[in-house]
Amino acid sequence: MELEFVPVDYDYFDFEGRNYVRMIGRDGDGRKICVVDSYDANFYLVLREGYGADAVIDKINDIEVSKGGRTSKVLKTEVMDKHFLGEKVVGIRVWISNHKDAHEMISLMGDMEGVDFRREWDIPLVTKYIKEKGVEPLVWCNVETGDHDVLRTVEGLDVADVYFAESIAPMKNGEKFVPKILAYDIETTGREIGEGEILMISYCSGNERGVISWKGIDDAPEYVEIVEDEAAMIERFCEIVRENDADILTGYFSDGFDLPYLKARADYYKVVLDLGVNGRGPSFARGRIPSGKVAGLVHVDLYRFVDAVFSQYLQSETLSLNEVAGELVGARKEDFDFARLANMNESDWRDFFSYSLQDAVVTHKLAMKLWPDVNEFCHIVKEPVFDVTRDRMATHVENHILHNLDRFDEIAERRPGHGETNERKMKRRFEGAFVFEPTPGFYEDIVMFDFTSMHSSLIVTYNICGQALRPSAGDDRYTSPEFELDGHDTRVYFDKKVGFFTTLLSEIVDKRKEAKLAYAQARGVGVSGCRGVGSSSSTNDLCNSKNREPVISKAELNMFKARSNAYKLLANATFGYQGFYGARYYSREAAAATLAYVRKLIHDTMDRISGAGFKIIYGDTDSIAFLSDGKSREEIIGFLKEINEEFPGIIELDLEGFFDRGIFVAKRDSKVGAKKKYALISIDGKIKIRGFETVRRDWCGLSRKLQDRVLRMILTEGDEKGALKLVRDVVDKLKSRDVEMEDLMIKTKMKREVDDYVTAGPHVAAARKMIEGGVRVGVGTFVEYFVGEGSGKRVGDRVFLAGERVKYDVEYYLGRQVLPAVEGIFDVFNIDINAEVKGERQEKLF
DNA sequence: AGCCACTCGATTTT
DNA sequence: ACGAAAATCGAGTGGCT
């Protein structure tokens, strides 16, 4: 029979000495089903030039590996014309009976005469399956089902039906798959996994929501279900999860907390944490934070996705659910003071239930918000949801490459070995980008240009990749600018013939442009009817031309935005990927050369702009700021167009903006202009603050807020005298001890374990205090402290945690926080803020 | 004890 | 374990006077 199927989750297993891929997903009727497909593990032996395949094949056919009660052998071989790093090679594709033995098999085929090298044995089986069969995650396909003994192994699964795929192929115009998402959250008495009890579990999948608890009160809200005890609560939760029949189970930091905690408590009570379809508990993969996997229900830890993919684009200072959800979905968690736990009355419990439910609701909202992004990443890098939500950018870049190699008949490069990564890590750093040293001052009428995806467009334009690297110059080669590598000046050369690496990157850049345009146009349509849709190309045809009504749904709009964003992130990460020690396609020369091109381009462009009579005031990597010098905006834009025509390849300079005023300050204790530290106000009144203490989380709120207000007053009103008054007010408040403790807290993130610090700064002292108080502090923990009065010489001796009844140190906050934050700004106006404040002190004395 | 040069460590910018 | 380097700046450290 035939059926429609969308795969969501993948894994593989052995049956009678062979590998099978097991997929869980939905059929056309929305039933959760399991589809099993046969897939044999395989790899390539690449032949040495001049050697034939027959002798090699004869030899490997005899190789067997017996291990763990199974015997792996060669099933089949095929001689194929392939490419490796763009060069033609002859490969023997070898199919074997078990992927788990691939590594062992390959080592037995090591020093074989005629075999140059071996590849693709280190690619996960599921990745190879998706790549080769085109059965992509979240893409509908047609399955021709059939009988097979292997179905015995999946008969017990808690799904609507199980099928064996006789054949399987993606559908041409499948619908978009919308998953059912169930969010959950637990409240516990302990902070460590398994230490203490779970008091309640909350869940939310849209309208279906509730809290299960064994801490009964007489009139609990109707959404609370009270059960006998903790074990019963865990079992009831499993039951609810299974009945809910979601595709995705999601939590926030649930890999690191909720799921392992549940598992530990379930183990303690000897009940099965049976959340999935196989009647067994979750499994945890190795790693710094072990990934929790539930069979047939994709467990997604949203924190990990946000951390890996989104964090650098968020304003949030911590990645707490509260902050991230606040920023992304405008939803805040409820507050609950955990100190109340010690002594709870009925009303406290009601608050706690409500708080817990809200956590699950907010997590669900966040999951719905991020789904378009997860979905796009899945479609682009063609890896399952489970992996896409946990992989870092470098892995995304690599997976995107791996899944597209077949179009180039390319055999994949291998992953570097341990020794190799260590060797790469040991290598010296290479020179990075160029930053222009600004002259401190207050400027007016500023223009800023910046290059769009500068590194990526240079890589594409000059074919900068390891594959194209050549030892000498030539007509068919690009010659890089001169740069220093490992102590001597050098140039490198790249063949002009494009290969898969730069082709794929240029596709990413194109698709990003396409999605960005579609998004912009769709938004135009959505906001004020059908307009600005001039092109007739299919991606731009977003209007129903008959009735001129917008036909773009909000979901589609979000899709374009997510797609544009995913391609942008992928493009931006590609440069870093080439210089990343763990990369299959690592090329230190390419990474260093890219930076040499980056420096040359910014210098040449700066010369071009100043050559046209403009005064450059700043620039960093890919941006240039200069004074418009009375020229109109139209003239500037015309000038930009003119320069753009002179760039080679896909290099493009963009208008970042026009700014009415801007301030650049000097480095501390110096007259030299500080780099990466400036504030601008754009012509529409938007303020852009970069690098200042205002935007640094390791400064106290008092200094940050004051500096922000000072900068704003100076930029919007040009009123440094008014700003001076702001400082005086704060100084007075500080001295009269009128400042809220909250504004004096200094927050830092631990970058290593407490004992691993060579020099122990104040935050380490604070961390030690926290540990004394029973808090576990490790890498990633946020430490908050204030500096109080005391005799200690070091700041670290006067560090106190929130709630400690110690007077704050006025001198410290004045001299080390408040004044330093504004000193440089007033210097620009020749105002000595220290003298001003001291003067005030003198006046008071008199 | 105080100054100075230096290193360490956290954070931000691109 | 899972993109890159440039840059600022506070705090601590150890040698010197």
Side-chain angles (χ1 to χ4, degrees), chain A residues 286-289 291 304 307-309 312 317 387 390-399 415-416 418 421-422 425 428-437 450-451 453-456 569-586 588 590-592 594-595 598-599 602 618-624 656 665-670 672-678 688-699 703 746-752 756-765 782-783 787 793-799 812 815-817 820-821 823-824:
Chain A
R286 276 192 296 275
R288 196 171 60 84
I289 301 170
S291 308
R304 297 193 62 176
D307 184 29
V309 173
Q312 77 177 113
E317 280 168 22
D387 304 86
R390 287 169 177 82
D391 289 341
R392 315 286 302 198
M393 281 315 297
T395 311
H396 288 316
V397 170
E398 190 154 281
N399 283 329
R415 208 180 263 154
H418 264 97
T421 38
N422 283 337
K425 275 190 216 170
R428 258 207 273 174
R429 286 181 149 215
F430 36 78
E431 192 183 345
F434 166 74
V435 188
F436 185 95
E437 185 190 294
D450 64 2
F451 286 96
S453 296
M454 191 195 215
H455 296 71
S456 292
L569 296 184
L570 217 49
N572 289 347
T574 300
F575 154 69
Y577 172 80
Q578 288 206 94
F580 164 54
Y581 55 80
R584 287 173 195 262
Y585 295 100
Y586 173 81
R588 195 157 171 271
T594 305
L595 288 166
V598 162
R599 291 188 296 270
I602 196 92
Y618 188 62
D620 184 348
T621 311
D622 63 352
S623 68
I624 302 170
E656 154 70 21
V665 298
K667 285 200 268 193
R668 181 95 63 236
D669 302 319
S670 160
V672 176
K675 300 170 178 181
K676 299 184 188 287
K677 226 178 152 179
Y678 61 92
K688 182 169 169 163
I689 299 177
R690 294 289 178 261
F692 275 109
E693 286 76 1
T694 300
V695 299
R696 294 182 64 95
R697 67 172 177 213
D698 58 347
W699 280 67
S703 323
I746 296 164
K747 185 167 58 189
T748 329
K749 189 168 153 178
M750 298 291 286
K751 293 289 205 184
R752 54 191 67 188
D756 293 346
Y757 283 94
V758 178
T759 53
H763 70 296
V764 179
F782 277 97
V783 168
V787 177
K793 181 176 129 82
R794 291 174 307 180
V795 177
D797 299 331
R798 291 175 283 130
V799 156
Y812 175 82
R816 300 287 179 170
Q817 288 277 328
E823 194 178 5

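Chain letters run A, B, ... following the sequence lines, proteins first, then strands; residues in each count from 1.
- Within the nucleic acid shown, A:Lys677 comes within 4.0 Å of sugar-phosphate atoms alone, with no base atom in reach, counting heavy atoms only.
- When heavy atoms are screened at a 4.0 angstrom cut-off, A:Arg696 is found touching base atoms of the nucleic acid.
- No contact: A:Gly582 has no heavy atom under 4.0 Å from any strand.
- Atom CZ of A:Arg390 is separated from atom CG of A:Asp307 by 12.5 Å, given to the nearest 0.5 angstrom.
- A perpendicular orientation is assigned to the rings of A:Tyr757 and A:His763, their planes being inclined by more than 60° (bins at 30° and 60°).
- Distance CZ (A:Arg690) to C1' (C:dT8): 16 Å, rounded to an integer number of Å.
- With rounding to whole Å, A:Arg798 atom CZ is found 13 Å from C:dG10 atom C1'.
- Remark: C1' of B:dT13 and NE2 of A:His455 are 12 Å apart, rounded to the nearest angstrom.
- In this structure, A:Ala308 reaches neither bases nor backbone, as no heavy-atom distance under 4.0 Å exists between it and the strands shown.
- Applying the 4.0 Å criterion to OP1 and OP2 of B:dT11, one finds that A:Arg697 has a side-chain N or O inside that range.
- If you check every strand for non-hydrogen atoms under 4.0 Å, A:Val695 touches sugar and phosphate atoms only.
- The separation between A:Met393 atom CE and C:dA1 atom C1' is 16 Å, rounded to whole Å.
- B:dC8 atom P lies 14 Å from atom NE2 of A:His763, rounded to whole Å.
- A:Arg697 is not listed as a side-chain neighbour of A:Thr748, based on a closest heavy-atom distance of 4.5 Å or more.
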(message) As a quick check of understanding, evaluate salt bridge (charged side-chain N to carboxylate O under 4.0 Å, His left out) for A:Glu693 and A:Lys677, giving each step before the final call.
(response) CA-CA 9 Å; A:Glu693 286 76 1; A:Lys677 226 178 152 179; 3.4 Å; yes
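- Residue A:Arg816 has a polar side-chain atom (N or O) positioned under 4.0 Å from OP1 or OP2 of C:dA11.
- A:Tyr577 contributes a side-chain N or O that, together with a main-chain N or O of A:Tyr585, makes up a donor-acceptor pair within less than 3.5 Å.
- Minimum atom distance to the side chain of A:Lys751 is reached by B:dT11, of the listed C:dA6, B:dT11, C:dA11.
- Note on A:Arg752: a side-chain N or O is less than 4.0 Å away from OP1 or OP2 of B:dG9.
- Nearest-nucleotide positions on DNA chain C place A:Phe575 closer to the 5' end than the other of A:Asp797 and A:Phe575.
- Comparing B:dT14, B:dT11, B:dC8 by their nearest atom to the side chain of A:Asp698 picks out B:dT11.
- C:dA11 atom P lies 13 Å from atom CG of A:Asp669, rounded to whole Å.
- OP1 or OP2 of C:dT8 sits under 4.0 Å from a side-chain N or O of A:Lys667.
- Contact annotation for A:Ala591: no contact, since no heavy-atom pair falls under 4.0 Å across all strands.
- At the heavy-atom level, A:Phe434 lies nowhere under 4.0 Å from the strands shown.
- The residue A:Glu398 sits apart from the nucleic acid: no heavy atom pair falls under 4.0 Å.
- If you find the closest nucleotide of DNA chain C to A:Phe436 and to A:Gly576, the one lying nearer the 5' end belongs to A:Gly576.
- For B:dT7, the OP1/OP2 oxygens have no side-chain nitrogen or oxygen of A:Tyr757 closer than 4.0 Å.
- For the OP1/OP2 pair of C:dA11 and a distance below 4.0 Å, the side-chain nitrogens and oxygens of A:Arg794 include no atom meeting the criterion.
- Taking the charged nitrogens against the carboxylate oxygens, A:Lys675 and A:Asp620 have no contact shorter than 4.0 Å, which rules out a salt bridge.
- Between B:dT14, B:dC8, C:dG10, one nucleotide has an atom nearer to the side chain of A:Pro820 than all others, and that is C:dG10.
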(request) Any chance you could lay out the side-chain contact (heavy atoms from CB on, under 4.5 Å) test for A:Thr621 and A:Val598, step after step, and finish with the verdict? (result) CA-CA 7 Å; A:Thr621 311; A:Val598 162; 4.2 Å; yes
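- By the neighbour-count criterion of 12 heavy atoms within 6.0 Å, atom CG of A:Asp756 is densely surrounded, having more than that number from other residues, nucleotides or ligands.
- Between A:Lys675 and C:dA7, a side-chain N or O to OP1/OP2 separation shorter than 4.0 Å is present.
- At the phosphate of C:dT8, neither OP1 nor OP2 sits under 4.0 Å from any side-chain N or O atom of A:Tyr678.
- With distances taken from any side-chain atom of A:Gln312 to the nucleotides C:dA6, B:dT11, C:dG3, the minimum falls on C:dG3.
- Taking every side-chain heavy atom of A:Trp699 into account, C:dG10 is the closest of B:dT11, C:dG10, B:dT14.
- Taking only side-chain atoms of A:Thr395, from C-beta outward, the nucleotide of C:dC2, B:dT14, B:dT13 with the closest atom is C:dC2.
- Comparing the P positions of C:dC2 and B:dA10 gives an interatomic distance of 16 Å, to the nearest angstrom.
- Here A:Tyr812 reaches the OP1 or OP2 of C:dA11: one of its side-chain N or O atoms lies under 4.0 Å away.
- A close approach under 4.0 Å does occur between a side-chain nitrogen or oxygen of A:Arg668 and OP1 or OP2 of C:dG10.
- Among B:dT11, C:dG3, C:dC2, the nucleotide with an atom closest to any side-chain atom of A:Arg304 is C:dC2.
- To the nearest angstrom, P of B:dT14 lies 13 Å from CG of A:Asn572.
- Here C:dA7 presents its C1' atom at 13 Å from CD of A:Glu693, a figure rounded to the nearest Å.
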